[in-house]
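See below for the structure under consideration.
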Amino acid sequence: MNMARKGVGKNCDIIYVKQEPIPYTMEQLRGMFWRYDTNRDGRLSRKELKEAFNCLGSSIPGWRAHRALNRADDNGDGYISEEEVDELVSYAFKLGYVVK
Ligand SMILES: [Ca+2]
Ligand SMILES: [Ca+2]
């Protein structure tokens with residue numbers, strides 16, 4: 001019997017397990033966001049953020065990406081860099097996304 005399925009949806013790498021929802025830890029969120037650095041330039045664009053929030057289960061991923069940039073993009077270049085990602089992670093953590 002295989003209850004856990006990997007890779008549901010082509011861009012979503014979420015492990016589905018049949019049990020109570022568990023909130024993502026900060027570390028999991030961090031790993032999650034970096035997985036969406038799809039062009040591997042070491043920073044997260046608005047588009048990449050939107051994709052990440054979408055896969056976290058946000059119903060308004062575009063808005064979340066916008067808010068996250070407002071909050072975490074310290075130098076205002078429109079990207080979340082490695083130095084700025086902590087703020088992004090704590091923003092997402094407070095939203096309480098759960099592992100689905
Ligand atoms: Ca990128
Ligand atoms: Ca920035």
Side-chain angles (χ1 to χ4, degrees):
M1 221 161 82
N2 185 9
M3 302 299 286
R5 288 187 302 144
K6 260 189 172 177
V8 177
K10 101 171 142 47
N11 292 319
C12 301
D13 186 17
I14 299 171
I15 300 163
Y16 283 76
V17 190
K18 223 183 177 200
Q19 58 188 358
E20 289 301 300
I22 307 163
Y24 283 104
T25 64
M26 304 268 278
E27 275 317 302
Q28 284 172 323
L29 285 169
R30 186 188 307 271
M32 182 94 188
F33 279 118
W34 284 127
R35 227 175 305 164
Y36 289 93
D37 180 17
T38 43
N39 63 358
R40 302 264 175 254
D41 65 350
R43 51 190 199 161
L44 294 164
S45 66
R46 180 184 297 253
K47 188 165 161 281
E48 290 165 344
L49 283 173
K50 185 178 171 185
E51 196 61 38
F53 277 111
N54 187 35
C55 288
L56 282 172
S58 172
S59 52
I60 42 170
W63 169 246
R64 286 298 172 208
H66 175 78
R67 296 287 299 164
L69 273 170
N70 269 359
R71 244 185 95 152
D73 182 17
D74 254 351
N75 62 1
D77 66 352
Y79 295 91
I80 302 299
S81 62
E82 223 169 306
E83 301 81 61
E84 293 164 342
V85 81
D86 284 348
E87 190 59 34
L88 168 67
V89 168
S90 78
Y91 171 71
F93 184 69
K94 280 180 204 139
L95 294 169
Y97 290 115
V98 294
V99 182
K100 280 182 287 185

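Ligands are counted one by one from 1 in listed order, and the atoms in each one are counted from 1 as well. When reading the values below, keep in mind they use all heavy atoms of this one structure, side chains included, and skip hydrogens, waters and symmetry mates. All residue numbers refer to positions in the sequence shown, counting from 1.
- For the pair R43 and Y79, the cation-pi criterion (under 6.0 Å, within 45° of the ring axis) is fulfilled.
- You'll find the side chain of L49 stays beyond 4.5 Å of the side chain of H66, heavy atoms only.
- Looking only at side-chain heavy atoms (C-beta outward), F33 and L56 come within less than 4.5 Å of each other.
- Take the N/O/S atoms of D77: the one nearest the Ca ion (ligand 2) is OD1.
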| task | Kindly indicate, with the supporting measurements, whether the criterion side-chain contact (heavy atoms from CB on, under 4.5 Å) is fulfilled by D74 and E83. | result | CA-CA 9 Å; D74 254 351; E83 301 81 61; over 6 Å; no
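- E84 contributes atom OE1 as its closest N/O/S atom to the Ca ion (ligand 2).
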| request: Take R30 and T25 through the side-chain contact (heavy atoms from CB on, under 4.5 Å) test and state the conclusion after the steps. | output: CA-CA 9 Å; R30 186 188 307 271; T25 64; over 6 Å; no
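- Side-chain contact between P23 and F93 is absent, with no heavy-atom pair separated by less than 4.5 Å.
- Between the Ca ion (ligand 2) and the N, O or S atoms of D73, the shortest distance is to OD1.
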| field | Full working for side-chain contact (heavy atoms from CB on, under 4.5 Å) between E84 and N75 | value | CA-CA 9 Å; E84 293 164 342; N75 62 1; 3.0 Å; yes
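- The distance cut-off of 3.0 Å around the Ca ion (ligand 1) captures these protein N, O or S atoms, sorted by chain and number: D37 OD1, N39 OD1, D41 OD1, R43 O, E48 OE1, E48 OE2.
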